[in-house]
Amino acid sequence: MNNRLVKIAVSVIAVLGGILFIVLGFVGISQAKNFPEVDAVVTSVERESTVDSDGTTSETVTVFVEYTVDGKEYNEKLDDANSNVKEGDRISVRYNPEKPDKVTATTKTAGIVRIVFGIVIALAGIASLVLLIIRGR
């Protein structure tokens, strides 16, 4: 494949990835502002390690929490969980008032970090595309 096409593809992917992070940041801020907060207990922390073909090890952490909304108990997977929590920890979470079984630990700060990261990645992709266009003439 042409080296120039690869550079264009990587730049476009960076722009799209940056936009995705920006959108996820705004969603997180909206959830942190609009979803009610409730106390929860961590009921389970599942850790899964995988090794890539190049030998790099990565870990996926899945956290389940138990909480009560309007007298009904829920034990659900926690979105945006901190990987440092342990079983039995008491934490604050936010739930979707329309679907109380959807719970997140997102914060405004995490949303802002995603937005800033997305802007940086998108701008890098745009700058790379502009340079490719200028040099391509």
Side-chain angles (χ1 to χ4, degrees):
M1 186 176 215
N2 184 334
N3 190 28
R4 182 173 165 78
L5 289 177
V6 170
K7 290 179 180 178
I8 290 171
V10 168
S11 298
V12 169
I13 289 169
V15 171
L16 295 175
I19 291 169
L20 178 64
F21 269 96
I22 292 167
V23 169
L24 290 174
F26 280 110
V27 167
I29 289 172
S30 174
Q31 289 175 344
K33 285 172 51 178
N34 299 317
F35 283 11
E37 192 172 46
V38 65
D39 290 329
V41 175
V42 176
T43 58
S44 174
V45 179
E46 299 173 3
R47 299 179 186 280
E48 182 180 335
S49 294
T50 55
V51 179
D52 297 339
S53 59
D54 64 354
T56 304
T57 302
S58 60
E59 183 178 61
T60 304
V61 179
T62 306
V63 177
F64 290 87
V65 294
E66 186 175 272
Y67 57 98
T68 304
V69 175
D70 295 330
K72 183 175 179 189
E73 286 191 14
Y74 295 88
N75 191 355
E76 303 293 336
K77 178 182 167 196
L78 180 61
D79 293 334
D80 292 324
N82 180 334
S83 62
N84 295 326
V85 296
K86 299 179 297 297
E87 192 172 314
D89 284 355
R90 292 192 166 280
I91 60 173
S92 292
V93 298
R94 296 182 177 278
Y95 66 91
N96 184 336
E98 295 174 13
K99 297 178 183 177
D101 61 329
K102 303 297 180 198
V103 64
T104 183
T106 195
T107 63
K108 290 180 190 175
T109 302
I112 291 168
V113 168
R114 285 187 183 124
I115 291 169
V116 170
F117 182 74
I119 289 170
V120 169
I121 297 300
L123 287 176
I126 291 168
S128 178
L129 283 172
V130 168
L131 287 174
L132 285 167
I133 291 168
I134 290 171
R135 291 181 183 162
R137 289 184 171 176

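FYI, the numbering just counts along the sequence from 1.
- In terms of heavy atoms, V15 sits closest to G125 at CG2-C, 3.6 Å.
- Looking at L132 and R4, their side chains come closer than 4.5 Å, going by heavy atoms from C-beta outward.
- Atoms OG1 and OH, from T104 and Y95 in turn, are 14.0 Å apart once rounded to the nearest 0.5 Å.
- Interatomic distance, CD of Q31 versus CZ of F26, reported as 14.0 Å (0.5 Å rounding).
- Listed by chain and residue number, S92, R94 satisfy the side chain to side chain contact (heavy atoms under 4.5 Å, CB included) test with E37 (two or more places apart in sequence, or in another chain).
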Item to complete: Assess whether side chain to side chain contact (heavy atoms under 4.5 Å, CB included) is satisfied between E76 and K102, documenting all intermediate values.
Response: CA-CA 7 Å; E76 303 293 336; K102 303 297 180 198; over 6 Å; no

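- In this structure, CD in E73 is found 5.0 Å from CD in E66, a value given to the nearest 0.5 Å.
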Item to complete: List the steps and the verdict of side chain to side chain contact (heavy atoms under 4.5 Å, CB included) for I29 and I112.
Response: CA-CA 7 Å; I29 289 172; I112 291 168; 3.9 Å; yes

Worksheet item: Can T60 and T50 be said to form a side chain to side chain contact (heavy atoms under 4.5 Å, CB included), step by step?
Response: CA-CA 8 Å; T60 304; T50 55; 5.5 Å; no

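- When each of V69, V63, L78 is checked for a side-chain contact (heavy atoms from CB on, under 4.5 Å) with V103, only L78 meets the rule.
- Around atom CD of E98, no more than 12 heavy atoms belonging to other residues, nucleotides or ligands sit under 6.0 Å away.
- In this structure L20 satisfies the side chain to side chain contact (heavy atoms under 4.5 Å, CB included) test together with L24, sequence neighbours excluded.
- Around atom CZ of F21, no more than 12 heavy atoms belonging to other residues, nucleotides or ligands sit under 6.0 Å away.
- Between the S11 side chain and the K7 main chain, a donor and an acceptor come within less than 3.5 Å of each other.
- Within the 3.5 Å criterion, the main-chain N or O of A32 finds no donor-acceptor partner in the side chain of T106.
- The side chain to side chain contact (heavy atoms under 4.5 Å, CB included) check on D52 picks up D54, T56, with sequence neighbours excluded.
- Crowding of Y74 atom OH: a count of heavy atoms from other residues, nucleotides or ligands under 6.0 Å exceeding 12.
- V120 and F117 are not part of a single hydrophobic cluster, where members link through side-chain heavy atoms under 4.5 Å apart.
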Discussion item. Would V61 and V45 count as a side chain to side chain contact (heavy atoms under 4.5 Å, CB included) here? Give the steps.
Written reply: CA-CA 7 Å; V61 179; V45 179; 3.9 Å; yes

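- Across every non-hydrogen atom of E87 and S44, the tightest pair is OE1-CA, 4.1 Å.
- In this structure, I22 is a member of the same hydrophobic cluster as L123, with clusters built from ILVMFWY side-chain heavy atoms closer than 4.5 Å.
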